[in-house]
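Naming: A, B, ... by sequence-line order, numbering from 1 per chain.
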Amino acid sequence: MSDQNPVPEKFLKPYNPQAIEGSIYSAWKESGYFNPDNLPNERTESFCIIMPPPNANGSLHAGHALFVTLEDIMVRFARMRGKKALWLPGADHAGFETQVVYEKKLEKEGRSRFQMTREELYKEIWDFTQENKSFMEGQLEQLGASCDWSRMLFTLDDRVIKTVYDTFKQLADDDLVYRGARIVNWCPKHQTSLSNLETNAEERTDKFYYLKYGPFTIGTARPETKFGDKYVVMHPDDERYKEYKHGDTFELEWINGPITATVVKDEAIDMEFGTGVMTITPWHDSTDFEIAERHGLDYEQIIDERGRLLPIAGEFEGMKILEARDKIIEKLEGKGLLEKIDENYTHTVMTCYKCSNLIEPQVRKQWFIKMMPLAEPAIEAIGKDKVRIITPQHKKVALHFLNNIQDWNISRQIAWGIPIPAKICTKCDAGFVDVEDTVTKCADCGGTVEKDPDTFDTWFSSGQWPFITLGYPEGNDFKTYYPTSVMETGHDILFFWVARMVMLGLYRTGEVPFKDVYLHGLVRDAKGAKMSKSKGNVISPLEVSEQYGTDALRMGLVVGNTPGTDLNLDPQKVSAYKKFANKLWNVARFVLTETTDFEFGTEVAFASEDEEIMRKIDELSKELTDDMEQYRFHLASEKIYHYVWHELADKIIEDSKPVLQGDDERKKRSRQATLYTLLTTSLKILHPFMPFVTEEIWQSLPQKDADMLIVAPWPTQ
RNA sequence: GGGCGUUUAGCUCAGUUGGCUAGAGCAACUCGUUUACACCGAGUAGGCCGGGGGUUCGAGUCCCUCAACGCCCACCA
């Protein structure tokens, strides 16, 4: 046997991912092919994915590994199919999230953000994120992300801020921005307001107190808010209280002495609940706030931003609400105003999604965006599949959200974020949008103005990410790649991010930001439990990648993972795909060993059984292409796995042994050519899923149609 | 209180528009040191596809209903 195509020695040992992944990634990077401007051959059709920018505040977790895998599969597939394929990476400053992470770090060091100036804090968090950002880029590389690093963008880069300001100004000019005293979700620990989406509803069992309030009995779970209550509210149709008229006043003895109360009739009252009568605390309760707004009632702050009682509480001033509660009840009991206590009252309370502390609603002046005018075009786009959410259940959920959308509070009282370009009057508290920084005095009262100290909700800028990253309005990338092909992200941020990108994208550019939406689920542990540090079941994708190889990790994340549903990451499953990588390695070894004497470039007379074998892989390729176009990666990956192992290796190779060792030269040559084609085709269709091992094998092929597999033509091209 | 989803082999899950004699990985069992691979091969066992009803020549797949579990949204003091 002549040896014109020698088999590289590396094939004599089992496949070792750790030894080759780094150098393969470097080779791709140096090739420049991650940047679509450098791709070979003329490419007319463009393809673009904007990466959901990972938060620059820690390591990548399993969810990141999943999105990298899915998006990398899509972009590699598009690249091989001859498209101008761009995957644009980013890093997110992640406002509140990062500030919370940093505060914890400060806490560990025995420091606190409240002892620092905003500037000091900002500077420190900036350095912290920059460090994390480069760390994170290395981790994305480890996972094989074939994204275009030359277009990398950070969410606090100047270009981002400029575009965000332009959008804010346009919204203001269109009368879609207002500053209003509204009740907001206030977290006393984090000292900021939060959007509704940033709170959790938690069921709790608390005491429910029945208190004598003049001639009435009122029920409350929060006696500490009742100091200023001077309105007593009941349903207009409640027969029990028909003798009391709206506007009646009466004197009564209350916590800290006699007060005058006024009767209010409002339909918000549930006659079945408690006694059907309640007093209201408009400053600290959203229902109460709305009742007060409807009737033009007074409201007064009882609890400060730290969760302590204000002077109105008299002797209780300065106490934390929970400490005060029992003492207040004691006093009420002493005065004979406590009627009874229901010990097993269950209700839902709002908690901060980060610290789980009780949300203390507060009335504050905040910037809001009117959402209905923005939501309407988005409802149409999603309803008519101009933005096609490929999982029908999420389409329904998104439409439901948009149809019931409420105005969006975009003010955050934190340092880490994009400052709101606005001025506030120091005298009358009026607010003015001021992107050009030209407002010097109050237009209402002539008073002096100061910069608004608040920052934007981070999702306000993130919501503009697709068109910002592509350089709207003038950038060439915007013209080439917008609307982008697909947005792939976690279903948990459908409202936070996806819906807002659709609304703001349509608002700003008049076009949808992406044509398709692929939502993946939560990555859970092997048994389906949610990963958490406290449970100790967190699986680090980077460790898994080091142990089994990135290709195996990727297969473990994608095989059987139906779009939109949660996925269990099982190291045993990943281990199985490590074996598969080795299987492929040995298939390559076999084929290369058996074709050392094959003369490439000469005519082959194929035997009919070989034509049949090749027809089958062509069929498979077509089927896979269809699956991939329809985002059925979970099926495509499994089919390739099955083909390579149980068809190519178990059957075709086994059946080939006698042919290759036989003395029919024509048949042998035909089979050699066939096996070689099966190998190259398998490498191609497997490459989006297992990029490293396939590229490593490709580099050792004596005959190929592209220097690198990453740009090799897809079999059906 | 609304909405969405899940229920298929011991475990974790696939099963795309109804054609399935229901699959995969892991686990289990039997055999096998055949020069691609022991990170292996050949084979075996294991499921009234949550319950009930319906549509259909045909249902894991469509419709109704019940049950269990899960998720999301929501201002009951």
Starting from [atom2] on [N], measure out to [atom1] on [X] and report it in whole angstrom.
X         : N      : atom1 : atom2 : value
Asp627(A) : U17(B) : CG    : C1'   : 13 Å
Lys657(A) : C40(B) : NZ    : C1'   : 11 Å
Phe590(A) : A36(B) : CZ    : C1'   : 6 Å
Asn586(A) : C40(B) : CG    : P     : 10 Å
Leu635(A) : U16(B) : CG    : C1'   : 7 Å
Ile183(A) : A77(B) : CD1   : C1'   : 13 Å
Ile218(A) : C76(B) : CD1   : C1'   : 15 Å
Tyr643(A) : A24(B) : OH    : P     : 19 Å

Pairwise [atom1] distance for [N] and [M], with rounding to whole Å:
N      : M      : atom1 : answer
C73(B) : C13(B) : C1'   : 28 Å
G52(B) : U16(B) : C1'   : 28 Å
A45(B) : C40(B) : P     : 23 Å
U56(B) : G18(B) : C1'   : 9 Å
C57(B) : C62(B) : C1'   : 16 Å
A14(B) : U7(B)  : P     : 7 Å
A27(B) : G41(B) : P     : 13 Å
C11(B) : G46(B) : C1'   : 13 Å

For [X], report the nucleic acid contact type (base, sugar-phosphate, nothing); a contact means any heavy atom under 4.0 Å.
X         : answer
Leu567(A) : nothing
Phe11(A)  : nothing
Arg589(A) : sugar-phosphate
His646(A) : sugar-phosphate
Lys396(A) : sugar-phosphate
Thr565(A) : sugar-phosphate
Gly276(A) : base
Ala649(A) : base
Ile653(A) : base
Asn568(A) : sugar-phosphate
His394(A) : nothing
Asp650(A) : sugar-phosphate
Gly560(A) : sugar-phosphate

With the threshold set at 4.0 Å, does a side-chain nitrogen-carboxylate oxygen contact exist between [X] and [Y]?
X         : Y         : result
Glu293(A) : Arg182(A) : no
Arg671(A) : Asp610(A) : yes
Arg204(A) : Asp206(A) : no

In Ile382(A), Val502(A), Val397(A), the residue satisfying side-chain contact (heavy atoms from CB on, under 4.5 Å) with Leu402(A) is Ile382(A)
Using a 3.5 Å distance criterion without hydrogens, assess whether the side chain of [X] forms a donor-acceptor pair with backbone atoms of [Y].
X         : Y         : result
Asn586(A) : Asn582(A) : yes
Trp254(A) : Lys226(A) : yes
Asp551(A) : Phe692(A) : yes
Lys265(A) : Tyr244(A) : yes
Trp283(A) : Ile303(A) : no

[X] side-chain proximity, nearest of [options]:
X         : options                : result
Phe273(A) : G41(B), C76(B), A74(B) : C76(B)
Gln572(A) : C40(B), C76(B), C26(B) : C26(B)
Arg632(A) : U16(B), A77(B), A36(B) : U16(B)
Glu638(A) : A36(B), A74(B), A24(B) : A24(B)

Item to complete: Indicate, yes or no, whether a donor-acceptor pair under 3.5 Å links the base of C26(B) to the side chain of Lys573(A).
Response: no
| hbond_proxy Glu654(A) side chain to A42(B) base (donor-acceptor, 3.5 Å cutoff) | no
CD1 of Ile302(A) to CD1 of Ile312(A), rounded to nearest 0.5 Å, is 4.0 Å
So CD1 of Ile697(A) and CG of Leu679(A): to nearest 0.5 Å the spacing works out to 6.5 Å
When pairs are called at under 3.5 Å and a stem needs at least three consecutive Watson-Crick or G-U pairs, the stems of RNA chain B are B:1-7 with B:67-73, B:10-13 with B:23-26, B:28-32 with B:40-44, B:50-54 with B:62-66
With under 30° as parallel and over 60° as perpendicular, where do the rings of Tyr345(A) and His347(A) fit, or are they tilted in between?
tilted
Heavy-atom nearest nucleotide on RNA chain B taken for Tyr641(A) and for Thr348(A); more 5' hit belongs to Tyr641(A)
Between Ser286(A) and His634(A), the residue closer to the 5' end of RNA chain B by nearest nucleotide is His634(A)
Does [X] place a side-chain N or O at less than 4.0 Å from the phosphate oxygens OP1/OP2 of [N]?
X         : N      : value
Tyr345(A) : A77(B) : yes
Asn404(A) : A74(B) : no
Thr562(A) : A14(B) : yes
Trp645(A) : G41(B) : yes

Below 3.5 Å is the cut-off: list the nitrogen or oxygen pairs between protein and nucleotides 68-73 of chain B, distance only.
none

Gln362(A) and Gln301(A) side chains, donor-acceptor separation under 3.5 Å
yes
Q.
Quick one about Thr550(A) and Glu21(A) (side-chain donor to acceptor, distance below 3.5 Å, no hydrogens or angles considered), yes or no?
A. yes
